[in-house]
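Below, chains carry the letters A, B, ... as their sequence lines are ordered, and counting in each starts from 1.
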2 protein chains.
Amino acid sequence: MASNEIYWPEELFTDLDRTGPVPLYFQVSSRLEAAIHDGVIPAGARLENEIAIAARLGLSRPTIRRAIQELVDKGLLVRRRGIGTQVVQGQVTRPVELTSLYEDLRNSHHEPGTRVLAHEIVPATDPVAEGLGVAVGTDVVFIRRQRSTDGVPVAVLENYLPIEFSDITTEQLQDRGLYQILRARGVTIQIAKQKIGARRAQGDEAELLDVERGGPLLTMERIAFDNSGRALEYGHHCYRPDMYSFETTVVAK
Amino acid sequence: MASNEIYWPEELFTDLDRTGPVPLYFQVSSRLEAAIHDGVIPAGARLENEIAIAARLGLSRPTIRRAIQELVDKGLLVRRRGIGTQVVQGQVTRPVELTSLYEDLRNSHHEPGTRVLAHEIVPATDPVAEGLGVAVGTDVVFIRRQRSTDGVPVAVLENYLPIEFSDITTEQLQDRGLYQILRARGVTIQIAKQKIGARRAQGDEAELLDVERGGPLLTMERIAFDNSGRALEYGHHCYRPDMYSFETTVVAK
DNA sequence: TAGTGGTCTAGACCACGAG
DNA sequence: TCGTGGTCTAGACCACTAA
């Protein structure tokens with residue numbers, strides 16, 4: 001079968017940059033990923049063995065292994081001892097990444113819109129205090145936004161931030177995603193813990209999302225931490241289930 | 001601050017087994033993980049640097065790095081260049097893994113129950129055929145189960161399998177999780193693509209899950225592949241949102 | 001300046017799967 | 001039996017961070 005042949009588009013790897021800041025394993029894995037996405041390497045195709053690839057590219061085997069491992073973790077390749085490495089069959093979906101809804105929408109070529117519904121300083125209630133790791137009653141920044149794509153409302157986003165972010169302006173929130181604003185301040189989000197569930201639309205949510213009163217909503221609760229482990233954001237989001245869903249690729253260990 | 005001290009409970013690593021089949025990096029990472037879970041190494045604590053750990057344990061630095069990386073990927077540790085490695089602050093949640101609902105419930109010390117609602121051979125409809133990668137109309141195995149925990153209904157599970165699994169018996173389905181049955185047949189699931197959403201309860205779902213008619217349900221669609229990339233299972237599941245939610249830990253790249 | 005993690009090399013031996 | 005990926009070693013140099 002043609003799809004079981006060994007594929008290795010060596011021309012993709014002729015100009016690796018050993019001097020720049022981009023790691024070699026990343027250069028290899030990203031080009032390999034692009035080749036798989038574009039069908040240059042078809043689904044089911046076998047790759048050469050790791051030692052041969054390393055020799056061809058003039059790299060060491062650990063470097064090649066790391067490049068391949070990146071794509072295994074993404075669910076694009078499968079390795080089997082004694083057999084070799086194969087491109088996974090079946091369509092490829094983008095895995096869930098640590099991005100904001102705003103960026104998700106932009107990346108899928110839709111025009112995101114934001115309406116700021118609330119932007120104020122409030123005392124932390126019980127769940128908020130626990131999420132952010134502050135005392136109950138501590139002042140925190142509360143933001144409530146309505147997010148739409150191509151003019152259709154998609155989500156109601158409620159976020160709580162530590163008081164040090166009180167200088168974020170409503171105008172910034174109107175124009176950009178929250179994570180984008182935080183990154184511009186030099187804040188990097190490293191880890192997020194998310195909980196995805198469902199419930200009925202409550203209060204003004206039905207109106208804001210243009211769904212029936214009491215209709216089903218997809219919900220996500222999230223706590224985001226910076227690289228020192230401090231909680232930076234506690235969020236509770238509601239999504240219109242006909243406009244949004246979460247996709248993940250899970251790889252067995 | 002005490003939580004910024006360097007912690008290294010060396011006694012945990014005195015009896016590493018270099019002869020058995022368990023990789024050294026796994027022995028190190030699993031003991032480290034247990035120590036963090038048990039609070040032996042508190043949240044916010046710093047670890048020694050990689051070279052020193054390697055010297056202490058008589059292992060090479062790449063082996064230690066791999067052990068640490070495992071826990072970074074799980075969201076338990078954070079590494080910063082020029083700084084060191086720290087235990088993440090905040091509570092720890094179990095990340096989503098490639099397990100069946102049955103195993104999830106068992107692991108959380110509840111008694112899962114299964115009622116087989118349907119178990120028959122049917123022709124593949126359009127979405128099923130696409131999911132399993134077979135022609136429309138091909139015979140496939142259809143299973144519909146009601147899953148409960150401690151006597152309370154939690155989910156309605158609809159699964160489609162290739163016809164080669166037609167010899168699975170209803171009794172097996174009653175007693176065990178589907179993935180458990182597949183593993184016992186030597187079938188290993190390597191990758192799954194999941195889509196999580198929400199919708200209203202339809203048909204008999206409200207009755208089966210003991211929720212209001214038209215009430216919100218959490219849904220998951222899943223296609224599971226074996227290590228050769230062949231689709232083994234297409235499933236569509238509905239969960240009672242007050243009984244079940246999906247938790248994930250997302251780590252920035 | 002000193003210390004940390006990030007990357008990379010060039011080997012080695014082993015376990016698994018197929019023929 | 002042979003080829004494959006899985007693991008492990010003992011070094012090396014670099015980039016980033018803090019003092």
Q. Below 4.0 angstrom from OP1 or OP2 of D:dG5, is there any side-chain N or O of A:T85?
A. yes

Q) For D:dT9, does OP1 or OP2 lie under 4.0 Å from any side-chain N or O of B:R18? A) yes

I need the [atom1]-[atom2] distance between [X] and [N], as an integer number of Å.
X	N	atom1	atom2	result
B:N49	C:dG6	CG	C1'	14 Å
B:R66	C:dG6	CZ	P	16 Å
A:Y25	C:dT9	OH	P	13 Å
A:L57	C:dT9	CG	P	10 Å
B:R79	C:dG3	CZ	C1'	16 Å
A:E50	D:dT7	CD	P	11 Å
A:I53	C:dT9	CD1	C1'	18 Å
A:Q86	D:dG3	CD	P	19 Å

**Q.** A:R31 (side chain) donor-acceptor with A:L12 (main chain) under 3.5 angstrom
**A.** yes

Polar side chain donor-acceptor pair, [X] to [Y], under 3.5 angstrom:
X	Y	result
B:R147	B:T114	yes
B:R222	B:N159	no
A:Y179	A:E233	yes
B:T19	B:D17	yes

**Q.** Nearest-neighbour nucleotide for the A:T63 side chain, C:dG6, D:dC8, C:dC8 considered
**A.** C:dC8

Q | Which nucleotide in C:dC8, D:dG6, C:dG5 has an atom nearest any side-chain atom of A:P23 | A | C:dC8

(Q) Strictly under 4.0 angstrom, non-hydrogen atoms only: write out the protein contact profile of nucleotides 10-19 of chain D, one letter per nucleotide from the 5' end, B, S or -. (A) B-B--BBSS-

Q: Start with the C-alpha gap between A:Q86 and A:R79, add the side-chain angles, then the distance that decides, and say whether side chain to side chain donor-acceptor pair (under 3.5 Å) holds.
A: CA-CA 6 Å; A:Q86 264 184 306; A:R79 285 204 276 215; over 6 Å; no

(Q) What contact category does B:I51 fall into here, base, sugar-phosphate, or nothing, at under 4.0 angstrom with non-hydrogen atoms? (A) nothing

Q. How is B:R65 classified with respect to the nucleic acid when contacts are heavy atoms under 4.0 Å: base, sugar-phosphate, or nothing?
A. base

Q: Check each of A:R66, A:R61, A:R56, A:R81 against A:E50 using the salt bridge (charged side-chain N to carboxylate O under 4.0 Å, His left out) test, and report the only one that passes.
A: A:R61

